[in-house]
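Just below is one structure, and these are the notes that go with it.
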Amino acid sequence: MVFYVILRVAIPSPLHKLFDYLCPVELEGLAKPGMRIKVPFGSREIIGIVIDTDVHSDYSSKQLKTALMLLDADPVLDATQFWLARWAAHYYFYPEGEALQQALPVLLRKGQEPTFAHATLWRATAHATLSSLATSAKRQRELLELLLRNPQGVSTEAIKIEGFSTPLLKALADKHLAESFASHPRPYQFATGSETILKEAPLTLNEEQASALYSLLNPSHFHTLLLEGITGSGKTEVYLQAIEAILKVGKQALILVPEIGLTPQTLSRFKARFQVPVMALHSGLTDRQRLDAWLMARDGSARILIGTRSAIFTPMKNPGIIIVDEEHDPSFKQQEGFRYHARDLAVLRAKKEDIPLLLTTATPSLESLHNALDGRYQHLHLRQRAGNASAPKFKFLDIRGEALQAGMAPELIHHIRQHLSAQTQVLIFLNRRGFSPSLICHDCGAVNECTRCDARMTLHRSPAHMHCHHCDRQTPIPKRCHQCHSEDLRPSGAGTERTEEQLKSLFPNIPVLRIDRDSTSRKHALENMMKQIHTGQPCIMIGTQMLAKGHHFPRVTLVAVLDADAGLFSADFRGMEKTAQLILQVAGRAGRAELSGEVLLQTHHPDHPMLAALVTQGYEAFAKSELVLRQGAGLPPFHHHALIRAEASRQGWAEAFLRSIREAIETHLSLPPGNHWSGPFPSPMEKRAGLFRSQMLIQGRERRHLHTLLRMIMQEVEHNPMKNKVRWSIDVDPIDSY
DNA sequence: AGCACGCCGACT
DNA sequence: GTCGGCGTGCTC
Ligand SMILES: [Zn+2]
Ligand SMILES: [Zn+2]
């Protein structure tokens, strides 16, 4: 009898299973979990990840194919990554092979070696000293310093990342102070022990900051600190100093920031403070740059790693701390495919690696607040504004019965005029792009709708076209009504373009800057507008969420929110929370330093209890009463949600599919306790991008029982004859219900 | 998701 | 006749 060694392999395919292969004799003893392996799969050969070696298979050795080759001598995925990606795959019901794949840089998925690009390295020549350069040659001296600190060589790439230009390097080379040599090891390395960490001195902490820093670093083991502080309260300084402390003991820091938060300004803040290699992991990197960054993180040479959602899977050799900045930001939850929440995975990872986790925000998510109130997180506040700046004054502008001009009440326009004449800047927030959200026939009332979605087309003027924001369909602006052929088509409602136009005509001598995705899509457009704003001259900014995140406007004294009612009566139970967070975030742009700010909220509901609580008692009071409502209604974070979505090309198919799943389970199986199942019902926007959508919601009192039910659903889908006619997905802990 | 296999319409 | 349309089924 022959014994075969059998390998269990995760294959990147949408199938929710693992696959077994015979281990070729020459690979016996070599294959380890976390290694890439090439295997035959159907008619092709693909790269999978070894999950387990020497397993028992339900398939006979005759049915099993033989694995082809190992791609790694050591696991590419370290133990933490391997565990985290698999844990997330199970928790979010995503195929393990796909999840593991997403934890790897693209080049490794394609089978490339986990090595740095062949690079030209630079080092100082044997006789080079700083005194060989004139004191006036500041940048050259800095570059030479860098080279002197790294006698083993620095790659051209790393020199550029540090902000030195090629001519600068050439100047040193011409003076025979620097020389190049070929190699392909890591492009960057600091000798441990002798490294300089800081480039600039840290600021002095106030008492609250100092105690937050202390709580974060003590103990140095796993614990989660939720640090709540308004803009300008110095949260960043706290974590910069926490990073400094962990760098001093030779460890690395991982910082997650929201999708629009990874700006050059954010990065320069770190680079200005720290001497050590800072790596940004963002969508602008080439596959090669991403792999190099990943490798530098893994071998410990990159000390500070800043990235968006997917950076949670970046390996670290010496993990010291994880920081999730703006922890409430929805971009930490992936909205399609592998629907993980990076903040939640950060908790898991920090626990696994036994390091502190810092969550910072001005407006905690109710999930995090709930965890803090339950004692799972420490919760500290920074209540003092830096430089003793006074908090902005909030005021409701009751717009009931008011005649609005492009979304603005006369009193608002009056306020804008006042602030501008005081030579300060005004920021207007309207979370709606385009000129107008609908185009209506004045004679018959017909609305211009998207043919592929249950939604109105948005009118854009620059450039002029109709645009569906749900499926991206674009058409010319119609000249006549499609129903009655009238030519009297009128835009109804205001978007940023329309408000911009109105402001320009009201204030012809004042620059009006529109900041939204459309106006900033051209390269440097945003940068140029920011430059103009930072001259400090009076101006009006009108924009969407883009304005609310990341940017600081010290000369702004008036912030106006045109539609504070946006989330008030939304079908989504998180609407109120999202609106409150946005309002406070926008308000945080006003009145820094010596100028005090004013925040005007245009609303039809100045007496709405939640809105009033937010404005008069602050976010925390608001959030606590919102938590009470959630608890009463059995909503998250008290109960847990999972949303089963389905879509199909024909109306009714998606719903029929979901219904048959539900019926099959309810008639043949006994349900785990504590779950409340609702639906299927049509999605809030039933038709979108030409597909008809339906969904079911499951609310579970206990996670394990909810997951048991979800596993039953997975099983049932496998055998369901309609599964190929629909696209479907499970969303665990969904953050919206579209 | 890929990819092959297979069974009908319309093109050289 | 055969090229290709995409429905159906399978991947250890
Ligand atoms: Zn009409
Ligand atoms: Zn559409």
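In the text below, chain A, chain B and the rest are named by the order of the sequence lines, each starting its count at 1.
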For atom [atom1] of [X] and atom [atom2] of [N], their distance in whole Å:
X       : N       : atom1 : atom2 : answer
Y59(A)  : dT11(C) : OH    : C1'   : 9 Å
Q102(A) : dA1(B)  : CD    : C1'   : 13 Å
R44(A)  : dT11(C) : CZ    : C1'   : 8 Å
K65(A)  : dC10(C) : NZ    : C1'   : 10 Å
K17(A)  : dC10(C) : NZ    : P     : 10 Å
L7(A)   : dC12(C) : CG    : P     : 14 Å
K62(A)  : dC12(C) : NZ    : C1'   : 15 Å
F19(A)  : dT11(C) : CZ    : C1'   : 6 Å

For the side chain of T708(A) and the backbone of P672(A), is there at least one donor-acceptor N/O pair under 3.5 Å apart? no
Angle class for the Y92(A)/F338(A) ring planes (parallel below 30°, perpendicular above 60°, tilted otherwise)? perpendicular
Applying a 4.0 Å non-hydrogen cut-off, can you work out what [X] is touching in the nucleic acid: base, sugar-phosphate, or nothing?
X       : answer
I6(A)   : nothing
Y21(A)  : sugar-phosphate
S43(A)  : sugar-phosphate
K725(A) : sugar-phosphate
P12(A)  : nothing

More than 12 heavy atoms from other groups under 6.0 Å of NZ on K38(A):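 Incorrect, the count does not exceed 12.
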Below 4.0 angstrom, N of the basic side chain to O of the carboxylate: do K317(A) and D299(A) qualify? no
Could you check whether any side-chain heavy atom of V732(A) comes within less than 4.5 Å of a side-chain heavy atom of Y340(A), counting everything from C-beta outward?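 A side-chain contact is absent here, since even the closest heavy-atom pair is not under 4.5 Å.
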Of all the nucleotides listed (dA1(B), dT8(C), dC12(C)), which has the minimum atom distance to the side chain of L64(A)? dC12(C)
